[in-house]
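Contents: one structure, followed by commentary.
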Amino acid sequence: MSSAAADSVPTETVTTDVLVIGGGLAGLWAAIRAREHAQRVLLVEKGFAGASGCSVFSGAVILCLTPDDDLDSFMAEEAQDADYLLDPEWAEFVIRDNYERLQEIVSWGGPIPVDEAGQLVRRKGQVHGRPNVSRVAFDSAELMKFMRKVAIGKRKVKTLDHTSVTRLLVEDGQVVGAVALRRQEERVTVIRAKAVVLAAGGCSWRGTHFGHDMVCGEAYKLAWDVGAELMSMEFGNGYMATFRHADTHGQCLLAAIGGKFINKHGETFIHHYSPRDPAPTHLIPRAMAGEVRAGRGPIRFDLTGIPPAVREQWKRDFALIWRGMERSGIDAFAEPREWFPGFNGTVSAGAGVRLLDRGGATTVPGLYAAGDAASRSPLIGAGSGITFLNLAWAGVSGAQAGATAAQFARRQTEPAPS
Ligand SMILES: Cc1cc2nc3c(=O)[nH]c(=O)nc-3n(C[C@H](O)[C@H](O)[C@H](O)COP(=O)(O)OP(=O)(O)OC[C@H]3O[C@@H](n4cnc5c(N)ncnc54)[C@H](O)[C@@H]3O)c2cc1C
């Protein structure tokens with residue numbers, strides 16, 4: 001755009017107490033919580049809040065340990081998978097608080113399955129070779145639609161969809177708002193805010209899964225440009241085993257119900273690379289690469305041994321993927337199919353904006369971070385953790401950051417409208 005054209009772009013200024021950037025699960029939770037402590041909360045989403053990014057396309061399986069579960073055993077396994085680089089107290093807090101958040105959604109009438117007694121419908125089973133991992137499954141699109149309704153309809157969070165934040169504003173070393181482009185109105189909006197929650201997701205652009213193209217690492221760039229520290233970026237180059245011809249997630253559950261990776265000779269090989277088979281998510285691409293390098297590729301996933309009744313359950317749980325396969329005339333269970341390491345970036349990795357505490361504070365005053373935008377190393381260290389922890393992290397860190405940002409905002413004076 002020429003400078004003359006740039007000068008003619010209409011500009012408006014809006015003022016709010018808390019600005020939330022990103023309308024995934026972390027951002028919606030942040031906005032809902034912030035509104036409990038602040039009068040004015042503005043959520044800005046470059047797509048459509050509740051329908052863009054990873055949350056809406058997720059497999060919607062979330063870890064769910066109740067206070068009666070054996071958290072000590074779970075944490076011992078988690079610490080081992082994390083190469084002992086996690087923060088056990090923080091991780092325990094997230095796991096416990098996640099249970100509270102799920103129940104809170106149920107109490108609002110949200111689409112999370114409960115039994116006749118009103119208890120969360122949980123399934124227990126082996127995942128990544130770890131026994132008895134307890135989780136809850138739901139429809140991610142329905143949940144995100146519901147969370148949007150709670151934020152906008154009930155909590156009166158103001159929302160700007162189709163609006164990309166391009167820059168954070170800093171005054172005297174404190175974040176005081178952001179600049180955004182409103183694509184449909186073709187205008188620039190300067191947002192003055194007393195506190196900002198960055199929940200703009202991770203970085204997996206051109207990744208293999210639905211939702212990946214919406215998260216391009218903008219959160220990291222925005223934070224970095226105002227001097228915020230990032231951490232664990234060396235773990236941000238994540239890959240996850242994926243069906244070659246269509247977006248497929250839920251690999252860990254397929255492995256848990258009998259799926260076997262085989263090399264070109266039909267041999268299983270994961271046990272050569274991992275202490276457990278099924279293996280933690282991050283070890284599978286490494287094992288695949290090892291076999292290909294040794295001339296034993298391509299790698300196929302053999303699902304033929306999975307009993308018919310279990311297949312049907314999987315098809316119901318992962319309806320989006322199954323429908324896609326059906327439409328392409330593919331029956332993944334009929335014969336071994338080629339799988340490869342699909343790019344996942346930071347979406348299930350530890351990389352992100354460094355948090356100083358559970359409240360989501362970053363190293364820059366006035367700036368809070370949550371979800372994939374924030375480093376989840378306290379939870380998964382150097383590993384990939386139980387994959388169902390990602391949504392737990394998004395919900396818990398979002399709610400925490402929203403509350404603390406709003407409390408911070410209450411201590412600030414009204415920003416100048418300049
Ligand atoms: C296919 C798939 C399946 C998954 N399955 C599971 C699962 O079963 N269980 C599990 O626990 N985890 C799963 N995950 C991971 C999980 O979905 C994510 O970790 C979680 O949803 C991240 O939530 P978030 O709110 O931080 O980010 P997102 O949901 O990605 O939301 C970020 C939002 O920010 C917006 N945004 C980005 N930049 C800007 C900007 N500059 N201005 C304004 N808005 C911006 C994006 O449009 C997006 O809507 C899965 C991920 C994928 C991709």
Side-chain angles (χ1 to χ4, degrees), residues 19-31 43-64 98 127 135-138 140 143-144 147-148 159-168 178-183 189 191 197-205 207-223 238 240 242 247-253 281 317-318 320-321 342-349 352-353 369-374 376 379-380 384-398 401:
L19 165 65
V20 177
I21 304 171
L25 187 61
L28 285 168
W29 257 117
L43 187 148
V44 172
E45 162 59 53
K46 73 175 175 181
F48 189 79
S52 309
C54 293
S55 304
V56 69
F57 293 112
S58 75
V61 184
I62 191 165
L63 186 82
C64 181
N98 172 56
V127 181
R135 70 244 182 200
V136 166
F138 49 88
S140 49
L143 179 75
M144 293 302 288
M147 294 297 280
R148 179 182 166 101
T159 304
L160 296 178
D161 289 313
H162 308 296
T163 303
S164 297
V165 169
T166 56
R167 190 155 70 86
L168 295 176
V179 177
L181 287 176
R182 299 188 66 186
R183 284 202 318 279
T189 301
I191 304 159
V197 179
L198 192 53
C203 181
S204 54
W205 190 65
T208 28
H209 294 308
F210 296 127
H212 274 172
D213 271 358
M214 283 303 278
V215 286
C216 324
E218 285 152 82
Y220 309 145
K221 170 83 168 83
L222 291 167
M240 196 182 271
T242 304
D247 174 66
T248 316
H249 43 267
Q251 172 273 319
C252 58
L253 290 181
T281 306
D317 288 349
F318 291 87
L320 187 66
I321 302 172
F343 182 61
N344 223 31
T346 67
V347 164
S348 50
V353 178
D372 283 352
R376 92 190 91 199
L379 204 56
I380 61 171
S384 48
I386 289 284
T387 39
F388 318 141
L389 270 169
N390 301 324
L391 288 168
W393 172 252
V396 171
S397 65

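Indexing begins at 1, ligand by ligand and atom by atom, following the structure's order.
- With a 4.0 Å cut-off on non-hydrogen atoms, A199 touches ligand 1 through its backbone and not its side chain.
- The closest approach between a heavy atom of S164 and any atom of ligand 1 is below 4.0 Å.
- Put simply, no part of I62 is less than 4.0 Å from ligand 1, judged by heavy atoms.
- Both the backbone and the side chain of S52 come within 4.0 Å of ligand 1, judged by heavy-atom distances.
- An N or O contact shorter than 3.5 Å is missing between A392 and ligand 1 by distance.
- A heavy-atom distance below 4.5 Å is found between the side chains of Y220 and V353.
- Between the CG atom in N98 and the CG atom in L389 there is a gap of 8.0 Å [rounded to 0.5 Å].
- The ligand atoms of ligand 1 that sit less than 4.0 angstrom from a heavy atom of M214 are 47 (O).
- Regarding atom 1 (C) of ligand 1, its nearest protein heavy-atom neighbour is H249 ND1, 3.1 Å.
- Nearest protein heavy-atom neighbour of atom 40 (C) of ligand 1: E218 OE1, 3.5 Å.
- Backbone and side-chain nitrogen or oxygen atoms of F388 are examined, and one is located within less than 3.5 angstrom of a nitrogen or oxygen of ligand 1.
- The part of V215 lying near ligand 1 is the side chain, judged by heavy-atom distances below 4.0 Å.
- Shown here for G23 and L43, the closest heavy-atom pair between the two residues is CA-CD2, 3.9 Å.
- Counting heavy atoms under 4.0 Å from ligand 1, residue H209 touches it through the side chain alone.
- Considering only non-hydrogen protein atoms, atom 5 (N) of ligand 1 sits nearest to G59 N, 2.8 Å.
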Show, in sequence, the C-alpha distance, side-chain angles and deciding distance for V56 and R148, and conclude whether the side chain to side chain contact (heavy atoms under 4.5 Å, CB included) test is met. CA-CA 11 Å; V56 69; R148 179 182 166 101; over 6 Å; no
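- Of the protein's non-hydrogen atoms, S58 CB, 4.0 Å is the one closest to atom 13 (C) of ligand 1.
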Verdict with reasoning, D372 to V215, per side chain to side chain contact (heavy atoms under 4.5 Å, CB included): CA-CA 9 Å; D372 283 352; V215 286; over 6 Å; no
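- Within the model, atoms CZ of F343 and SG of C203 stand 6.0 Å from one another, a figure rounded to the nearest 0.5 Å.
- The minimum heavy-atom distance linking G202 with T346 is given by the pair CA-OG1, 3.3 Å.
- Of the protein's heavy atoms, V61 O, 3.6 Å lies nearest to atom 7 (C) of ligand 1.
- Note: L25 CG to W393 CH2 = 13.0 Å, rounded to the nearest 0.5 Å.
- Enclosure of atom CZ in R182 by more than 12 non-hydrogen atoms of other residues, nucleotides or ligands within 6.0 angstrom is indicated.
- Close approach of ligand 1 to A60 is summarised as follows: ligand atoms under 4.0 Å from at least one heavy atom of the residue are 7 (C), 8 (O).
- Distance check: S164 OG to E218 CD gives 6.0 Å after rounding to the nearest 0.5 Å.
- When the heavy atoms of A374, S55, S397 are ranked by distance to atom 23 (O) of ligand 1, first place goes to S55.
- For the atom pair S140 OG and M147 CE, the distance stands at 13.0 Å (nearest 0.5 Å).
- Taking atom 31 (O) of ligand 1 as the reference point, the nearest protein heavy-atom neighbour is G24 CA, 3.4 Å.
- Side-chain contact between W205 and H212: absent, with no pair of heavy atoms (C-beta onward) separated by less than 4.5 Å.
- Any N or O atom pair closer than 3.5 Å counts here, and L391 shares at least one such pair with ligand 1.
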Stepwise, does the side chain to side chain contact (heavy atoms under 4.5 Å, CB included) test hold for T189 with V44? CA-CA 11 Å; T189 301; V44 172; over 6 Å; no
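- Residue contacts with ligand 1 for T163 involve N, CA, C or O but no side-chain atom from C-beta outward (heavy atoms, distance under 4.0 Å).
- For ligand 1, the polar-atom distance check against L25 finds a nitrogen or oxygen pair separated by under 3.5 Å.
- Ligand 1 has a nitrogen or oxygen under 3.5 angstrom from a nitrogen or oxygen of A26.
- Looking at atom 22 (C) of ligand 1, its nearest protein heavy atom turns out to be D372 OD2, 3.3 Å.
- Residue F57 has no nitrogen or oxygen atom sitting less than 3.5 Å from a nitrogen or oxygen atom of ligand 1, judged on distance alone.
- When non-hydrogen atoms are compared, ligand 1 lies under 4.0 Å from neither the backbone nor the side chain of W393.
- For ligand 1 and V44, the ligand atoms under 4.0 Å from any heavy atom of the residue are 43 (C), 44 (N).
- The shortest side-chain heavy-atom distance between H209 and S204 does not fall under the 4.5 Å cut-off.
- Within the set C54, G201, C203, the minimum heavy-atom distance to atom 30 (O) of ligand 1 is found for C54.
- Applying side-chain contact (heavy atoms from CB on, under 4.5 Å) to V20 and the options V197, L28, T159 leaves one that passes, V197.
- Within the 4.0 Å heavy-atom criterion, neither part of A219 lies near ligand 1.
- Note that OG1 of T281 and CG of N390 are 8.5 Å apart. Values are rounded to the nearest 0.5 Å.
- The protein non-hydrogen atom at the shortest distance from atom 33 (C) of ligand 1 is E45 OE1, 3.6 Å.
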